[in-house]
Amino acid sequence: MRPVVAIDGPAGSGKSTLARSLGEVLGLDVLDTGAMYRAATLRVIAVMGEDLPTPVGESRDDSWKLHVAEVVRECVIDVDSRVRLDGLDVTEDIRTDRVDQVVSIVASIPVLREDLVSRQRQWIYAHGGGVVEGRDIGTVVYPDADLKVYLTASIESRAERRAIEKAIGEKAEIESMIDRRDKLDMSRATGALPSIEMTALAASGKENNIMVIDSTEHNADDVLNMVLSRLEHIGIYRFSKTEVPEHGVEKHPHEEVPG
Ligand code: DC
């Protein structure tokens, strides 16, 4: 088994960029678990349409959750450089505003999460390790990860990044959407964001396989180099000594130490 690197954090914190770069540098496959929840959401929207309850309507009969989980259990979801739902390429379809609005509701269904968490573990075993990004990877999906990174950033900079990604200028709208999703993602019982515990553990310095990085003031290269430095420290990676250090941190590319 090669190393497993877990990357958790809220929307727009830079998880995907970091995961892709780390995958490349370490020669590991990358799994975007958010894309799995999004693909599942696409199917749920197709089946439930406007019947899908909003979080405000929580007092309704809960049987829809079991129905939704059953529908998702039947789906084949493949996530690599493209995302496929029952063989159909849905890479672009999972990034629509409608999916953005509904995905947190779908992801809050415990029995559906159990199903996807189990698929994510199977992916890790089948790929013999990897870089896995999401919300609950270091806490629920794979607590034995060799390194657990929790990425954060101010809501302003996260909204700005998403606005650039989506090539639209409505930062305020994106900010309020991210804020709403943060609240939903953080308040649910299963797979809640691990910030308090992780921050305390990382700050204690006792657990060198846990890092909390606030990327508000750092670009993607800085964050990558911080993570690579930690991976070197725990013996999973070796910097090439020929590279010129930048900002006091040596730069990649370097050699991976096989796990
Ligand atoms: O990372 P993302 O924005 O594409 O994630 C989409 C949604 O899926 C987000 O609202 C949180 C949820 N999610 C989750 O609950 N657990 C994960 N491991 C990954 C994503």
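We count ligands from 1, going down the list as the structure has it; atoms in each ligand are counted the same way.
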Give, for atom CD1 of I7 and atom OG1 of T17, the distance between the pair rounded to the nearest 0.5 Å.
10.0 Å

Examine ligand 1 and decide if any of its atoms is less than 4.0 Å from a heavy atom belonging to R113.
yes

Just say parallel, tilted or perpendicular for the rings of W123 and H127, cut-offs at 30° and 60°.
parallel

I236 side, atom CD1; L228 side, atom CG - distance, nearest 0.5 Å
11.0 Å

Nearest 0.5 angstrom please: E74 CD to R43 CZ, how far?
10.0 Å

Of the listed options (R135, R38, K15, M36), which comes nearest to atom 4 (O) of ligand 1 when hydrogens are ignored and any heavy atom counts?
R38

Only heavy atoms of S104, strictly under 4.0 Å: list the atoms of ligand 1 that pass.
10 (O)

Have a look at L116, D136, D32, L31 and point out the one with the heavy atom closest to atom 18 (N) of ligand 1.
D136

Numbered atoms of ligand 1 (with element) below 4.0 Å of A107, judged on heavy atoms:
12 (C), 15 (O)

Hey, could you give me the CG/CG distance between L147 and N208, rounded to the nearest 0.5 Å?
9.0 Å

Has ligand 1 got any nitrogen or oxygen that is less than 3.5 angstrom from a nitrogen or oxygen of Y37?
no

